[in-house]
Chemist: 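Pasting a structure below so you can have a look.
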Amino acid sequence: MSLFNDLGRKVEELKQEVGNASDDEATHRCIECDTLLYTDHDECPDCGSTSILPRSD
């Protein structure tokens, strides 16, 4: 049972690391819903807002 717990914990850590790395690659952000975007869009694919700005951080 411990083997599966360890494996599950390592998988979760890897998922978090991948998520953090992909967040760092985002180039734009929606002002309305804070969705991170990886290319410039005219409107947010999540909420439809046109308030898309380049990330400055």
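Quick note: numbers below take in every heavy atom, side chains included, and nothing from hydrogens, waters or symmetry partners.
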Chemist: Using the rule side chain to side chain contact (heavy atoms under 4.5 Å, CB included), only one of T27, D46, I52, L53 pairs with L37; which is it?
Modeler: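 Per the side chain to side chain contact (heavy atoms under 4.5 Å, CB included) rule, the option paired with L37 is I52, out of T27, D46, I52, L53.
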Chemist: Just jot down the salt bridge (Lys or Arg N to Asp or Glu O under 4.0 Å) partners of E13, sequence neighbours excluded, or say none.
Modeler: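 With neighbours one apart ignored, the set is empty.
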Chemist: Of the non-hydrogen atoms in E43 and G48, which two are nearest, and what is the gap between them?
Modeler: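 Nearest heavy atoms, E43 then G48: CB-O, 3.7 Å.
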Chemist: Using the salt bridge (Lys or Arg N to Asp or Glu O under 4.0 Å) criterion, which residues pair with D42? Sequence neighbours excluded.
Modeler: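 Scan of D42 (salt bridge (Lys or Arg N to Asp or Glu O under 4.0 Å), adjacent residues dropped) gives none.
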Chemist: Tell me the closest heavy-atom pair linking S51 and E32, and the distance in Å.
Modeler: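 That would be OG-OE2, 3.7 Å.
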Chemist: Could you state the interatomic distance from CG (D34) to SG (C47), rounded to the nearest 0.5 Å?
Modeler: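 The distance works out to 10.5 Å.
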